[in-house]
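Just below is one structure, and these are the notes that go with it.
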Amino acid sequence: MDERINIKKYKGSYTVELALLAGVWLLVIFAALLLLLGTYTRIRDTASLAEAAVYGSSCAVDRSGDGVREAAGRLQGRGDYFSVSGSKREITASFSHTVRIPFWNLRWQQSKTLKSKVIRPVLFIEKVEKARNLIQAAKDSG
């Protein structure tokens with residue numbers, strides 16, 4: 001008889017335990033989804049930034065092109081949180097925005113700055129050749 005009383009006493013306990021754990025599982029699932037969404041957003045924005053910086057620096061190789069304007073044109077329409085600045089020697093592109101997480105009003109601040117040097121291949125090769133000639137001359141005289 002004691003065994004029947006114990007069985008009836010604990011009947012339905014699994015339902016209560018699973019109901020308590022369901023909230024934890026949902027929290028874990030939604031946290032993972034929001035983490036994936038934020039990571040994807042950062043990767044997408046960083047890739048756009050790198051593409052614009054490199055494109056601007058390659059357009060600035062030709063002295064008649066304006067690399068900053070070309071890089072800004074590449075980022076146009078992708079959001080107002082992108083900015084491009086620089087000179088004839090370097091293009092700097094950056095973004096800064098906040099991903100809002102709808103849980104306890106959390107925010108994920110994302111920002112990145114990328115710089116791309118403008119390298120003119122002919123001038124670079126001339127400098128390397130001058131350095132090689134200088135090293136060879138130092139070896140020959142010494």
Side-chain angles (χ1 to χ4, degrees), residues 2-3 5-142:
D2 274 344
E3 292 176 11
I5 293 173
N6 287 338
I7 290 174
K8 286 184 180 182
K9 185 178 178 182
Y10 294 113
K11 191 174 184 180
S13 66
Y14 289 121
T15 306
V16 173
E17 291 170 0
L18 289 178
L20 293 174
L21 288 176
V24 174
W25 281 110
L26 284 174
L27 178 66
V28 169
I29 288 170
F30 282 113
L33 287 174
L34 290 170
L35 180 66
L36 287 172
L37 177 70
T39 304
Y40 170 75
T41 303
R42 182 172 175 96
I43 290 171
R44 183 193 65 206
D45 291 344
T46 304
S48 298
L49 206 63
E51 177 188 353
V54 170
Y55 181 74
S57 66
S58 66
C59 288
V61 169
D62 183 17
R63 291 182 191 267
S64 63
D66 183 12
V68 175
R69 187 169 23 107
E70 294 293 330
R74 196 71 145 172
L75 290 174
Q76 190 175 20
R78 297 211 178 162
D80 56 348
Y81 47 86
F82 288 101
S83 65
V84 179
S85 62
S87 63
K88 293 181 180 182
R89 296 189 176 266
E90 184 176 73
I91 306 294
T92 303
S94 63
F95 74 85
S96 179
H97 66 92
T98 303
V99 176
R100 291 188 178 103
I101 300 171
F103 183 71
W104 286 346
N105 201 18
L106 295 175
R107 299 183 192 313
W108 185 355
Q109 180 65 33
Q110 296 181 346
S111 61
K112 184 70 177 174
T113 301
L114 291 174
K115 295 181 180 182
S116 180
K117 296 270 186 193
V118 177
I119 298 175
R120 295 189 170 82
V122 174
L123 297 175
F124 181 72
I125 292 171
E126 287 176 356
K127 288 179 184 178
V128 169
E129 288 297 321
K130 286 180 184 178
R132 284 184 184 162
N133 291 339
L134 185 62
I135 291 170
Q136 188 64 33
K139 284 181 181 178
D140 290 342
S141 67

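Residues take their numbers from the sequence shown, with the count starting at 1.
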Item to check | Residues forming a salt bridge (Lys or Arg N to Asp or Glu O under 4.0 Å) with Glu90, sequence neighbours excluded | outcome: Lys117
Next on the checklist: Just to verify, what does Phe82 make a ring pair (Phe, Tyr, Trp, His ring centres under 6.0 Å) with, not counting sequence neighbours?
Outcome noted: Phe95
Item to check | side chain to side chain donor-acceptor pair (under 3.5 Å) partners of Gln136, counting only residues at least two apart | outcome: Asp140
Item to check | Residue pair Pro121 / Val61: nearest heavy atoms and the distance that separates them | outcome: CD-CG1, 3.9 Å
Could you tabulate the donor-acceptor pairs under 3.5 Å formed by side-chain atoms of residues 126-135, not counting sequence neighbours?
| unit_1 | atom_1 | unit_2 | atom_2 | d |
| --- | --- | --- | --- | --- |
| Glu129 | OE2 | Arg132 | NH1 | 3.4 |
| Asn133 | ND2 | Glu129 | O | 3.3 |

Checklist entry - Does Asp45 reach the side chain of Lys112, with side-chain heavy atoms less than 4.5 Å apart? => result no
Checklist entry - Are the side chains of Ile91 and Val68 in touch, meaning some heavy atoms are under 4.5 Å apart? => result yes
Checklist entry - Of the non-hydrogen atoms in Ala93 and Ala53, which two are nearest, and what is the gap between them? => result CB-CB, 4.3 Å
Checklist entry - Can you name the closest pair of heavy atoms from Gln109 and His97 and give their distance? => result NE2-O, 3.6 Å
Item to check | Residue list, side chain to side chain donor-acceptor pair (under 3.5 Å) with Ser83, at least two apart or on another chain | outcome: Ser94
Item to check | Heavy-atom neighbours of Arg44 CZ exceed 12 at 6.0 Å | outcome: yes
Listing, residues 25-43 side-chain donor-acceptor contacts under 3.5 Å, not counting sequence neighbours, or none:
| unit_1 | atom_1 | unit_2 | atom_2 | d |
| --- | --- | --- | --- | --- |
| Thr39 | OG1 | Leu35 | O | 2.8 |
| Thr41 | OG1 | Leu37 | O | 2.8 |
| Arg42 | NH1 | Ser111 | O | 3.4 |

